[in-house]
**Student:** 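The structure follows.
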There are 2 protein chains.
Amino acid sequence: MTTDAARTTGDEEEAEFLRAYDPRDFPPAAIVVDVVLLTIRAGRLSILLVERAGHPFKGAWALPGGFVEPDEDTDRAASRKLADETGLATFPGHLEQLRTYSSPDRDPRMRVVSVAYVGFMPDLPAPAAGSDAASARWWAFDDVVAEDGPALAFDHATIVADGVERARAKLEYTPLAASFTTEPFTLVDLRRVYEAVWGVELHVGNFRRKVLSTSGFVERLGVTSPPEGTRGRPAARYRRGDATILHPAMLRPGTLGADDADDDL
Amino acid sequence: MTTDAARTTGDEEEAEFLRAYDPRDFPPAAIVVDVVLLTIRAGRLSILLVERAGHPFKGAWALPGGFVEPDEDTDRAASRKLADETGLATFPGHLEQLRTYSSPDRDPRMRVVSVAYVGFMPDLPAPAAGSDAASARWWAFDDVVAEDGPALAFDHATIVADGVERARAKLEYTPLAASFTTEPFTLVDLRRVYEAVWGVELHVGNFRRKVLSTSGFVERLGVTSPPEGTRGRPAARYRRGDATILHPAMLRPGTLGADDADDDL
DNA sequence: GAAATAGTGTCTATAAGACAGTATAAA
DNA sequence: TTTATACTGTCTTATAGACACTATTTC
């Protein structure tokens, strides 16, 4: 179909069409990105929230994010916002698109479509200097969803819930748990990531067997000197392997039929 | 955090803020939806494409879709477009958000952000009448991605590939294969869905054992009279069960380590 | 040696792959 | 009775859950 000749003719016509085109013919909207940025702090799954300084939702807590500039795509906007927010030149973790939220009244100002992202990063000491993040802090996820938790702006409570569910699912079939750690890590570190994100206790021996028998999940670096002041047998260190998906997947315990809540219409 | 008193004061201030707000302060964009609509025709995974009547990409093939109206969210826009396109009052299948495509130059006219959807539907006879779909036709997926396949508009080749990969993944851990059939269906019908979407042959006996042993996947209706002109033993009919996810998942054969291509940055 | 932490071995249950067989219909 | 289609049984292998055990360090 669509011969080359037809396309060539079309290209000339198309240039003319584009010269005459008026962008104001279409219903406009603003595009923002919002990031569910997750880490493990003190053994708890934690999320970065920013207290809103201005209207709307002044004083409520919101996901880090902001408007997408005309010359960037949403991936780049999300990376840029995270660099601003964490004060780091490059974001030291994993970042992926979550989904898009487009209810016409989700922002009282105007039509604002939010392309949400979810990010995983290690628990780095906050750099603070030079960052946008005067009003930002980490919240334990359990505290955010608790009865007496913070008021969340816009539809960010929904986005947070969806982001955490995505994180839980991703740990099942990808090696991305390692994105929550700094390398080198121990298998105990890795297990604590699973336990914090899934909110369960995992069996030590079975977890080790599973991780080590899944090819490309981790690479052993050997036993190096443990941190000062630790007791007990020093743990072997690992780094990420080259797998992008886990085969077979890690199984999340307690997932017995009812679970998940996908984005049907 | 954020006492009720503070929120009340804020609400008055906020109303004032919104009265003074000028939406033109933000970089505008148009929002469209594009749908990767899949079905099984003659045993082949097939996708609905529309030949573009106007510029840009005049004569090329594109995903069905279009602009999101000011008073609707993208879910509703996608459903509406499918109803227009198929000529059916309500879309007879499964529809879910895929991901959002936002490269600044993906549309030569202006900044257009596409929220893509993926849909599964049975192979219904085309109603034609009253539909937008004069220029629409089903393409076998293999033919679309072939060397001599149709020219696809915008970044729709990428969206098609992502949509098909989503469909393949969804059949693994959900009972959505049934969305490709009309009820009642036979287990042979269901197996042919898997074979068409995954592009593999499945072992008959093992497939049956797996489907029937996964609780909530299908419900048996009994053996009803087979269609005219069929030979051989009549097959038992089933309808969907009440499960939303499969436990354990259906395993896609040949997924041995390398596969998947997720949306990292 | 006691305490603390890391790591191994093994039995059992479940589920998947392979493959050979039986059942029920039309011509 | 042949042919076509639907369905069942069973042996083997891979993986996960449960749980008891051994190893290496500090104090």
Side-chain angles (χ1 to χ4, degrees), chain A residues 43 171-173 181 184-195 198 200-218 220-238 243 245-257, chain B residues 43 171-173 181 184-195 198 200-218 220-238 243 245-257:
Chain A
L171 293 209
E172 293 189 63
Y173 62 93
T181 70
F185 53 83
T186 69
L187 292 187
V188 174
D189 296 335
L190 197 64
R191 182 164 49 82
R192 289 203 209 291
V193 170
Y194 276 94
E195 292 178 332
W198 285 352
V200 296
E201 296 230 313
L202 294 180
H203 193 285
V204 182
N206 295 342
F207 180 83
R208 296 180 57 86
R209 176 182 58 192
K210 173 64 189 167
V211 171
L212 296 176
S213 70
T214 304
S215 79
F217 195 168
V218 297
R220 186 183 167 111
L221 297 173
V223 181
T224 58
S225 41
E228 283 301 303
T230 45
R231 301 181 47 179
R233 178 174 171 178
R237 313 276 152 163
Y238 296 81
I245 61 163
L246 299 183
H247 251 295
M250 298 286 300
L251 285 190
R252 177 158 34 150
T255 315
L256 297 161
Chain B
L171 292 208
E172 294 188 62
Y173 62 93
T181 71
F185 52 84
T186 69
L187 293 187
V188 173
D189 296 335
L190 197 64
R191 182 163 50 81
R192 290 204 209 291
V193 171
Y194 276 93
E195 292 177 333
W198 286 351
V200 296
E201 296 230 314
L202 294 180
H203 193 284
V204 181
N206 295 342
F207 179 83
R208 295 181 56 87
R209 177 182 57 192
K210 174 62 190 169
V211 170
L212 296 177
S213 70
T214 303
S215 78
F217 195 169
V218 297
R220 186 183 165 113
L221 296 173
V223 180
T224 59
S225 41
E228 284 300 303
T230 44
R231 302 180 49 177
R233 178 175 172 177
R237 313 277 151 164
Y238 296 82
I245 62 163
L246 300 183
H247 251 294
M250 298 285 301
L251 286 190
R252 176 157 35 151
T255 315
L256 296 161

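Just so we're on the same page: letters track the sequence lines, and every chain starts at 1.
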**Student:** Heavy atoms only: give me the nearest B/Ser215-B/Ala243 pair and the separation to one decimal.
**Tutor:**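 So the minimum-distance heavy-atom pair works out to O-CB, 3.8 Å.
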**Student:** Mapping B/Gly232 and B/Met250 onto DNA chain C by nearest heavy atom, which one lands closer to the 5' end?
**Tutor:** B/Met250
**Student:** How long is the line joining CG of A/Leu246 and C1' of D/dA16, in whole Å?
**Tutor:**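 Going from A/Leu246 (CG) to D/dA16 (C1'), I get 15 Å.
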**Student:** Does any non-hydrogen side-chain atom of A/Phe185 lie less than 4.5 Å from one of A/Val193?
**Tutor:** no
**Student:** For the residue pair A/Leu171 and A/Tyr194, what are the closest heavy atoms and their distance?
**Tutor:**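 Smallest heavy-atom distance, with atoms named: O-OH, 3.0 Å.
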**Student:** If we ignore hydrogens and angles and just use 3.5 Å, is the side chain of A/Lys210 paired with the main-chain N or O of A/Pro248 as donor and acceptor?
**Tutor:**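 The answer is yes, because a donor-acceptor pair under 3.5 Å joins these two groups.
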**Student:** Measure OH/B/Tyr194 against P/C/dA16 and give the value in whole Å, please.
**Tutor:**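 The answer, rounded to whole Å, is 12 Å.
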**Student:** Give me the atom names and distance for the closest heavy-atom approach of A/Tyr238 to A/Leu187.
**Tutor:**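 Looking at all heavy atoms of both residues, the closest pair is CE1-CG, 3.5 Å.
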**Student:** State which residues pass side chain to side chain contact (heavy atoms under 4.5 Å, CB included) with B/Leu251; sequence neighbours excluded, sorted by chain then number.
**Tutor:**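 Applying side chain to side chain contact (heavy atoms under 4.5 Å, CB included) to B/Leu251 gives none.
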**Student:** Is B/Lys210 near enough to C/dA16 that one of its side-chain N or O atoms lies under 4.0 angstrom from OP1 or OP2?
**Tutor:**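 Yes, B/Lys210 has a side-chain N/O under 4.0 Å of OP1/OP2 on C/dA16.
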**Student:** What is the distance from CG of A/Leu212 to C1' of C/dA6, rounded to the nearest Å?
**Tutor:** 12 Å
**Student:** Detail all sub-3.5 Å separations between protein N/O atoms and N/O atoms belonging to nucleotides 18-20 of chain C.
**Tutor:**
from   : atom 1 : to       : atom 2 : distance (Å)
C/dA18 : N7     : B/Asn206 : OD1    : 3.3
C/dA18 : N7     : B/Asn206 : ND2    : 2.9
C/dA18 : N6     : B/Asn206 : OD1    : 3.0

**Student:** Answer with base, sugar-phosphate or nothing: what part of the nucleic acid does A/Thr230 contact at a heavy-atom distance below 4.0 Å?
**Tutor:**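 Sugar-phosphate, no base atom in range.
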**Student:** Answer whether the closest heavy-atom distance between the side chains of A/Ile245 and A/His247 falls below 4.5 Å.
**Tutor:**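 Counting from C-beta outward, A/Ile245 and A/His247 do come under 4.5 Å.
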**Student:** For the helix from C/dG1-D/dC27 to C/dA27-D/dT1, figure out the bend between the end axes, five pairs an end, and round to 10 degrees.
**Tutor:**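 It comes to 10° between the two terminal axes.
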**Student:** Expressed as a whole number of angstroms, how long is the span from A/Phe207:CZ to C/dT8:P?
**Tutor:**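 Rounding to the nearest Å, CZ of A/Phe207 and P of C/dT8 are 14 Å apart.
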**Student:** Whole angstrom is fine here: how far is it from CZ in A/Phe185 over to P in C/dA6?
**Tutor:**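 Answer to the nearest Å: 15 Å.
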**Student:** Quick check: closest heavy atoms across A/Met250 and A/Trp198, and the distance to 0.1 Å?
**Tutor:**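 The answer is CB-CH2, 4.0 Å.
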**Student:** Donor-acceptor check, side chain of B/Thr214 to backbone of B/Phe217, threshold 3.5 angstrom: yes or no?
**Tutor:**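 Checking the backbone N and O of B/Phe217 against the side chain of B/Thr214, no donor-acceptor pair under 3.5 Å is found.
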**Student:** So, does B/Arg208 get its side chain near the phosphate of D/dA6, meaning an N or O under 4.0 Å from OP1 or OP2?
**Tutor:**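 False: B/Arg208 side-chain N/O out of range (4.0 Å or more) of D/dA6 OP1/OP2.
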**Student:** If I take atom CG in residue B/Leu251 and atom P in nucleotide D/dA14, what distance separates them, rounded to the nearest angstrom?
**Tutor:** 14 Å
**Student:** Give the nucleotide from the list C/dA25, D/dC7, C/dA27 with an atom nearest to the side chain of B/Ala236.
**Tutor:**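 Per side-chain heavy atoms of B/Ala236, the pick is D/dC7.
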**Student:** Counting side-chain heavy atoms from CB outward, which of C/dG7, D/dA6, C/dA4 is closest to B/Val188?
**Tutor:**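 In terms of side-chain proximity for B/Val188, the closest of C/dG7, D/dA6, C/dA4 is D/dA6.
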**Student:** How close or far is atom C1' of D/dA23 from atom CZ of A/Arg231, stated in whole angstroms?
**Tutor:** 16 Å
**Student:** Return the 5'-most residue of the pair A/Arg233, B/Arg237 with respect to DNA chain D, ranking by each residue's nearest nucleotide.
**Tutor:**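 It is B/Arg237, whose closest nucleotide lies nearer the 5' terminus.
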**Student:** Evaluate the side-chain contact (heavy atoms from CB on, under 4.5 Å) criterion for residues B/Val188 and B/Leu190: first the C-alpha distance (whole Å), next the side-chain angles of each, then the deciding distance (0.1 Å), finally the verdict.
**Tutor:** CA-CA 5 Å; B/Val188 173; B/Leu190 197 64; over 6 Å; no
**Student:** Rounded to whole angstroms, how far apart are CG on A/Leu187 and C1' on C/dA6?
**Tutor:** 10 Å
